[in-house]
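Below is one structure, written out as structure tokens; the observations come after it.
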Amino acid sequence: MSRERIAVGETYREQALINNERYLDMYQRSIDSPETFWAEQAQRLNWRKPFTQVKDVSFAKEDLHIRWFEDGELNACENCLDRHLPERADQIALIWEPDEEGAEVVRYTYAQLHEEVCKLANGLKAMGVKKGDVVTIYLPMVPLISISMLACARIGAIHSVVFGGFSPEAIAGRIDDGHSRIVITADEGKRGGKSVPLKHNVDNALEHCQHSEVEKILVLRHTQGNIDWHEQRDVDLAELLKEQSPDCPAETMNAEDPLFILYTSGSTGKPKGVLHTTGGYLTYVSLSHETVFDYKAGETYWCMADIGWITGHSYAVYGPLANAATLVMYEGVPNYPDCGRMARLIEKHQINIVYTAPTAIRALMADGDTAVEGTDLSCIRILATAGEPINPEAWRWFHDKFGNNTAPILDTWWQTETGGMMITPMPGATDLKPGSATRPFFGVQPALMDNDGNEIQGAGEGSLVIKDSWPSQMRTIYGDHQRFIDTYFSTFENCYFSSDGAKRDEDGYYWITGRMDDVLNVAGHRMGTAEIESALVAHKTVAEAAVVGIPHDIKGQGIYVYATLAADVEASEELRKELRNWVRQEIGPIATPEAIQWAPGLPKTRSGKIMRRVLRKIACEEYDQLGDTSTLADPHVVDDLIAEHKALA
Ligand code: 6R9
């Protein structure tokens, strides 16, 4: 924990929506009388039918329920578009910057975005999509991705966005789980000058589905690349939209009706379908987008996260659009064609607020000052990060090079499950400490627990839990409510357990120390070790596998694999390559192992549990810190692994 403390800048303190007094006052009210506080905040949305109940929650695992504004009715899409039209029809809602630098930028006003969404909503209806149906969206970072989500929301369909970097197997699992009948995709995506075969991946996915009910695939012709076409099943999106009316009444939804499912990795089993609902989610992401980014009308805002992740859902679509913001969307990667692209893009569109990931900063930082050379970034007012801890070096560099040593860097801690930012500074209110996510957002009651389940008071370190509900909390795991209860509410009584560890300092600031379960964070992407292990053992040559995280300069964490080969299989460099590719194919390129070590045996306890702690230490070459290995069934395994690791290095 660094001792450095950066005081709120004067201009920020004077001009921001929330200064420290206001933060303290609002925070206190949000905790003392959550019902009044949230009833007030929910007025930022248009309700078709006002709610009379604000909050009905129990975190007790025998009686778990989480309901917000439960008798209210509204439509999320209408709140993101229609209600802005009287005043802001001609304001730019979305600026789309293509992968290829210099290629034509596309802009949508709020009126145009509304029209596109209505047409697609009608198109979906024409395909038979009804309220409550799940629509799978597998698209690159093009405006259609937001348009598709909003079109679903408009007609009450539940969207399930699958990150464009995921493989056919991963798509198949999600299509199966959601019983999706419709998939929206594109011929290809473009990232860093390369094409991503999206339609081809969907075709493949359907072959992997256990019980595919997919009837139609709507295809955007984006790159005009060559794709297979199945007359009965594939629909050219442009053709479909040509026939659709730009009028589509928005469906009346209950506040607790599902808005979307988004899959995320856990420590065991297959990815979980995190379910978010309508009223509470939208209230929270809209309030937090405005107050954390201090968003003011007329400002241009860029959230760099892919929309396939929660950061994209909440802060590149729902939050900013609910606030009538002007958004930038970028198709590609921040260092294409070179590491100056991000800065040039900010300058070109005069972006005021940038929300990114530490891994992107570290990647640019590796090239020194060239990332910002020749650009004038004085348009930047606020910088923010999410997804992983930001190391103080990266914080400093970003603050200096992009923030002109003035723009605050907001390190926001939250999760797919929390829907919105939970622990975060506010530009006009919070003194910053590089590496700390600082203080809780309104309504959020974090606590630290010790191993016996007792709450730690004052400064200390423990398991990070949240003691009471907040409106954008996930409601369940789609199709598996028991897993929801077991995962989040069974470790500590009457608390939501985040699976993260944290420290709290004397000022009450929180410092996230990382996951306490077997979940890795690779370049800000969550991945379960179990997921990668099961991909590996699905290969015919692998008998058993164990995966651990190792420190990585740019990605934060890298994937280190221990593989035990089947009896008659010969280890070889060829096979190592094949397994690397196999994992990429099974999960996606983000899961590519840094290294694969052959392991004739794995360190197991007598009850057969793999001792990952030991494997982690070996992978990090901390041989003298293996800890207690006395419970191992066969302690010699460890010596063999160390020898093999040394040979590999
Ligand atoms: C928003 C998002 C959640 C996990 C979370 C934690 C890590 C997120 C962080 C952070 C340190 C931050 N994480 N923000 N760690 N500092 N500011 O990333 O959601 O993909 O579900 O990941 O990411 O470990 O538990 P998600």
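Just follow the structure's listing: the first ligand is 1, and inside any ligand the first atom is 1. Here the structure is a predicted model, which is why all the values come from computation and not from measurement.
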Using distance only, find each side-chain donor-acceptor pair of residues 460-467 under 3.5 Å and give its atom names and separation, not counting sequence neighbours.
unit_1	atom_1	unit_2	atom_2	d
Lys467	NZ	Glu455	OE1	3.0
Lys467	NZ	Glu455	OE2	3.4

Task: Close-range residues for ligand 1, whose non-hydrogen atoms fall below the 4.0 Å threshold - done: Ile310, Thr311, Gly387, Glu388, Pro389, Asp411, Thr412, Trp413, Trp414, Gln415, Thr416, Asp500, Ile512, Arg515, Asn521, Arg526
Task: Closest non-hydrogen atom pair, Leu410 against Met426 - done: CD2-C, 4.4 Å
Task: Lys NZ or Arg CZ of Arg381 over Tyr12 ring: under 6.0 Å, within 45° - done: no
TODO: Decide yes or no for Ile550 and His552: does some side-chain heavy atom of the first lie under 4.5 Å from some side-chain heavy atom of the second?
DONE: no
- [ ] Would you tell me whether Tyr509 and Asp431 have side-chain atoms, one donor and one acceptor, within less than 3.5 Å of each other?
- [x] no
Task: Check: Glu586 main-chain N/O paired with Ser167 side-chain donor or acceptor under 3.5 Å - done: yes
